[in-house]
Asker: 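Can you keep this structure in mind? I'll have questions shortly.
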Amino acid sequence: MKLDISKALKFVDKQQFEKFKEEAKVQNTALHQKTGKGSEFLGWVNLPSELSDELLTDIENTAKKIHNSVEVMVVIGIGGSYLGSKAIIEALSGSFENLRIERKYPLVIFAGQNISADYLHELQVLLYKHSYGLTVISKSGTTTEPALAFRVLKKDLEIKYGRKGARKRIIAITDAKKGALKKLANTEGYKTFDIADDIGGRFSVLTPVGLLPIAIAGFDIRELVRGAKKMALETETGNNPAVKYAAIRNALLAKNFDIEILANYNPKLHYIAEWFKQLYGESEGKGGKGIFPASVDFTSDLHSMGQYIQEGRRNLFETVISINKPDNKFKLPTDEANLDGLNYLAGRDLDEVNKNAELGTMLAHIEGGVPNIRIELDTLCEAEIGELIYFFEKACGISGYLLGVNPFDQPGVEAYKKNMFALLEKPGFEGERDKLLKK
């Protein structure tokens with residue numbers, strides 16, 4: 001993975017950037033020494049090198065058993081309990097993998113990330129036709145969205161396979177000692193993996209929370225971890241990529257660039273951006289501070305959001321993820337009539353066209369006043385995705401500290417829950433419903 005911030009430096013004060021960079025080094029050390037805010041949630045910092053062979057083997061063996069028993073694995077979770085694994089599976093899968101009739105590995109799909117009646121019903125219809133299992137991910141077991149989905153799908157599974165048969169098809173990833181899901185797993189005898197107390201959900205993709213679904217989907221989790229370990233070593237000390245990225249983001253914010261757009265030129269990276277938005281939005285957005293994380297898929301969104309990016313308010317900057325080598329070569333054919341006027345591209349590779357669209361867009365946006373940061377991966381493979389994931393995590397922790405916030409809590413998330421519980425008349429919220437309805 002390569003980071004290029006040269007096209008963003010012209011938009012910031014150079015001395016201020018250097019100050020941010022020196023402070024970022026200090027905050028990077030604070031992450032390793034656990035001296036900053038939220039230090040009780042820093043288990044992810046050294047995680048790549050601390051993952052045991054025993055745990056990885058257990059995850060791989062569990063995935064192999066699932067490969068032989070189900071056609072579909074439903075992963076039930078919300079936020080960090082599903083976004084990381086979905087992002088990596090989507091990035092490494094074929095664009096139309098979910099349409100394949102014959103599959104070597106189970107189709108991994110997700111539930112419990114919304115409260116849509118249509119989504120859950122349509123999922124039931126799909127599962128009725130296939131053999132399936134459930135992987136439920138929740139530290140407490142009582143988070144509303146996944147708890148609702150698990151209640152419904154567990155009942156369906158027990159009807160289809162019997163209670164005893166269902167037990168063999170359910171995996172719980174939850175707290176090691178306590179909580180409703182842990183209690184149920186112990187009672188029913190589900191296969192379980194632990195969620196560490198010192199790793200928050202949005203930093204959990206390199207734990208069983210992310211690794212098990214990724215292994216079930218047929219990808220090499222050891223290569224993923226190897227890439228993350230490589231980046232962890234690279235960002236341990238000094239003037240490293242995570243330090244530079246955190247510094248340039250905050251230097252841009254100091255110049256009132258308060259929206260970051262994560263852009264890509266490969267649709268497989270769409271959910272990497274969704275994971276990125278949770279990671280940075282939930283980590284930095286508190287106390288009236290933070291850079292707002294957004295995303296676009298180019299070149300598609302150049303025909304929708306392109307106008308605003310080019311000529312709208314000048315408070316945004318772009319971070320572009322570029323893939324050096326696509327998986328496939330695709331030569332454009334010649335057409336004798338040439339009615340579309342594309343014969344000048346005949347015989348050239350489609351990725352050459354894509355790369356020139358990327359370069360042309362960058363030049364246009366910089367000229368239009370949009371700072372650009374570029375992250376380049378050589379290929380879309382497990383190891384390089386592992387590097388990218390850890391890079392974003394480390395830079396997020398540093399950047400949050402530069403902002404002066406605790407990057408590892410999320411107090412604002414509870415506001416909607418309290419209102420929802422009161423409106424639904426959940427026990428313990430009596431008297432609040434009438435107050436809310438008057439509003």
Side-chain angles (χ1 to χ4, degrees), residues 1-12 17 20 83-84 86-87 90-91 202 241-242 244-285 289-323 354-377 380 385 388-389 391-396 398-400 402-403 407:
M1 195 206 88
K2 299 176 182 177
L3 173 71
D4 181 2
I5 63 171
S6 62
K7 301 300 187 295
L9 285 172
K10 62 179 286 188
F11 292 89
V12 303
F17 168 71
F20 274 121
L83 273 172
K86 184 170 179 62
E90 292 282 335
R202 58 189 178 274
K244 292 178 182 177
Y245 181 55
I248 193 63
R249 293 179 79 248
N250 282 270
L252 287 165
L253 178 61
K255 290 294 184 179
N256 297 316
F257 292 101
D258 58 3
I259 297 175
E260 178 176 17
I261 302 175
L262 190 70
N264 70 78
Y265 287 79
N266 188 319
K268 293 183 180 184
L269 294 172
H270 176 83
Y271 274 94
I272 291 288
E274 295 301 306
W275 170 81
F276 165 89
K277 287 191 287 189
Q278 187 209 359
L279 179 67
Y280 280 82
E282 204 167 60
S283 296
E284 293 188 332
K289 300 178 181 181
I291 298 169
F292 183 81
S295 64
V296 287
D297 298 320
F298 289 157
T299 60
S300 301
D301 286 336
L302 289 173
H303 296 262
S304 56
M305 293 299 294
Q307 174 62 41
Y308 189 95
I309 297 170
Q310 188 68 44
E311 295 184 344
R313 293 185 62 205
R314 300 298 77 185
N315 64 332
L316 52 87
F317 66 97
E318 283 180 311
T319 296
V320 178
I321 303 177
S322 181
I323 309 302
N354 199 32
K355 290 292 195 301
N356 278 281
E358 179 183 330
L359 178 58
T361 301
M362 181 191 71
L363 294 171
H365 287 180
I366 291 171
E367 183 68 22
V370 180
N372 261 245
I373 298 166
R374 190 170 186 270
I375 296 169
E376 182 183 299
L377 305 184
L380 265 182
I385 292 292
L388 182 70
I389 291 293
F391 162 77
F392 275 137
E393 288 181 345
K394 174 61 80 68
C396 183
I398 297 170
S399 187
L402 290 177
L403 282 168

Asker: Would you call Asp4 and Asn372 a side-chain contact if the rule is heavy atoms closer than 4.5 Å?
Answerer: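 Answer no - side chains too far apart.
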Asker: Who are the side-chain contact (heavy atoms from CB on, under 4.5 Å) partners of Glu90, not counting sequence neighbours?
Answerer: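 Glu90: side-chain contact (heavy atoms from CB on, under 4.5 Å) contacts with Lys86, Tyr271.
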Asker: Determine, step by step, whether Ile321 and Arg374 satisfy the side chain to side chain contact (heavy atoms under 4.5 Å, CB included) criterion, reporting the C-alpha distance in whole Å, the side-chain angles of both residues, the deciding distance to 0.1 Å, and the verdict.
Answerer: CA-CA 6 Å; Ile321 303 177; Arg374 190 170 186 270; over 6 Å; no
Asker: Could you report the tightest heavy-atom contact between Arg202 and Pro407, atom names first, then the distance?
Answerer: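 What the structure gives for the nearest pair is NH2-O, 2.7 Å.
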Asker: Any side-chain heavy-atom pair from Glu284 and Glu260 closer than 4.5 angstrom?
Answerer: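 No, their side chains stay 4.5 Å or more apart.
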Asker: If you look at every heavy atom in Ala357 and Thr299, which pair is closest and at what distance?
Answerer: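 Between these two residues, the closest heavy atoms are CB-CG2, 3.9 Å.
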Asker: Given 3.5 Å as the limit, does a donor-acceptor pair link the side chain of Gln310 with the main chain of Ala364, or not?
Answerer: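 Yes.
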Asker: Rounded to the nearest 0.5 Å, what separates atom OG in Ser399 from atom CZ in Phe392?
Answerer: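 Rounded to the nearest 0.5 Å, the OG-CZ separation comes to 12.0 Å.
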Asker: So, for Lys255 and Val12, which heavy atoms are closest and what is the spacing to 0.1 Å?
Answerer: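 Closest approach of Lys255 to Val12: CG-CA, 4.2 Å.
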Asker: Could you state the interatomic distance from CG (Leu253) to CG (Asp258), rounded to the nearest 0.5 Å?
Answerer: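 With rounding to 0.5 Å, CG (Leu253) is 6.5 Å from CG (Asp258).
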Asker: So, using ring pair (Phe, Tyr, Trp, His ring centres under 6.0 Å) as the criterion, who are the partners of Tyr265 when residues are at least two apart?
Answerer: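 Per chain and number, Tyr265 pairs via ring pair (Phe, Tyr, Trp, His ring centres under 6.0 Å) with Phe298.
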Asker: Show me the side-chain donor-acceptor pairs of residues 302-309 shorter than 3.5 Å, one per line, residues at least two apart or across chains.
Answerer:
unit_1 : atom_1 : unit_2 : atom_2 : d
Ser304 : OG     : Asp301 : O      : 3.3
Ser304 : OG     : Asp301 : OD1    : 3.3
Gln307 : NE2    : Glu311 : OE1    : 2.8

Asker: Atom CZ of Phe11 and atom CD1 of Ile366: how far apart are they, to the nearest 0.5 Å?
Answerer: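 If I round to the nearest 0.5 Å, the distance is 6.0 Å.
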Asker: Between Tyr245 and Tyr280, how do the two ring planes meet: parallel, tilted or perpendicular, split at 30° and 60°?
Answerer: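 Judged by the thresholds at 30° and 60°, the geometry between Tyr245 and Tyr280 is perpendicular.
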Asker: Minimum heavy-atom separation for Ala246 and Ile398, please, with both atom names.
Answerer: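 Shortest heavy-atom separation between Ala246 and Ile398 comes out as CB-CG2, 3.6 Å.
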Asker: I'd like to check Met1 versus Glu376 (side-chain heavy atoms, cut-off strictly below 4.5 Å). Are they in contact?
Answerer: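 Not in contact.
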Asker: Can you see which heavy atom on Ala254 is nearest to which on Phe20, and at what distance?
Answerer: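 Smallest interatomic distance, heavy atoms only, reads CB-CE1, 4.2 Å.
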Asker: Nearest 0.5 Å, what's the CD1-CG distance between Ile291 and Leu316?
Answerer: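 Here the interatomic distance stands at 12.0 Å.
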Asker: Would you mind reporting whether Phe276 and Ser295 have side-chain heavy atoms less than 4.5 Å apart?
Answerer: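 Heavy-atom side-chain distance check fails, nothing below 4.5 Å.
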Asker: Is a side-chain donor-acceptor pair under 3.5 Å present for Asn315 with Asn256?
Answerer: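 There is no such pair (donor and acceptor under 3.5 Å, judged by atom type) between the side chains of Asn256 and Asn315.
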Asker: Side chains of Leu262 and Leu269: does their closest heavy-atom pair fall under 4.5 Å?
Answerer: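 No, every pair of side-chain atoms sits at 4.5 Å or beyond.
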Asker: Can you measure from CG (Leu403) to CG (Asn250) and round to the nearest 0.5 angstrom?
Answerer: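 That separation rounds to 4.5 Å.
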Asker: If you take all heavy atoms of Leu279 and Cys396, which pair is closest and at what distance?
Answerer: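 Taking every non-hydrogen atom into account, O-SG, 3.6 Å.
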Asker: Any side-chain heavy-atom pair from Asn264 and Ile272 closer than 4.5 angstrom?
Answerer: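 No, their side chains stay 4.5 Å or more apart.
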Asker: To the nearest 0.5 angstrom, please state how far the NZ atom of Lys277 sits from the CD1 atom of Ile261.
Answerer: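 Going from NZ on Lys277 over to CD1 on Ile261, the span is 10.5 Å.
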Asker: Between Glu358 and Lys355, is the closest basic N to carboxylate O distance under 4.0 Å?
Answerer: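 Salt bridge flag = no for Glu358 with Lys355.
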Asker: Under the 3.5 angstrom rule, does the side chain of Lys394 hit a backbone N or O of Ala242 as a donor-acceptor pair?
Answerer: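 Not at all, since once roles are kept as given, no pair shorter than 3.5 Å links the two residues.
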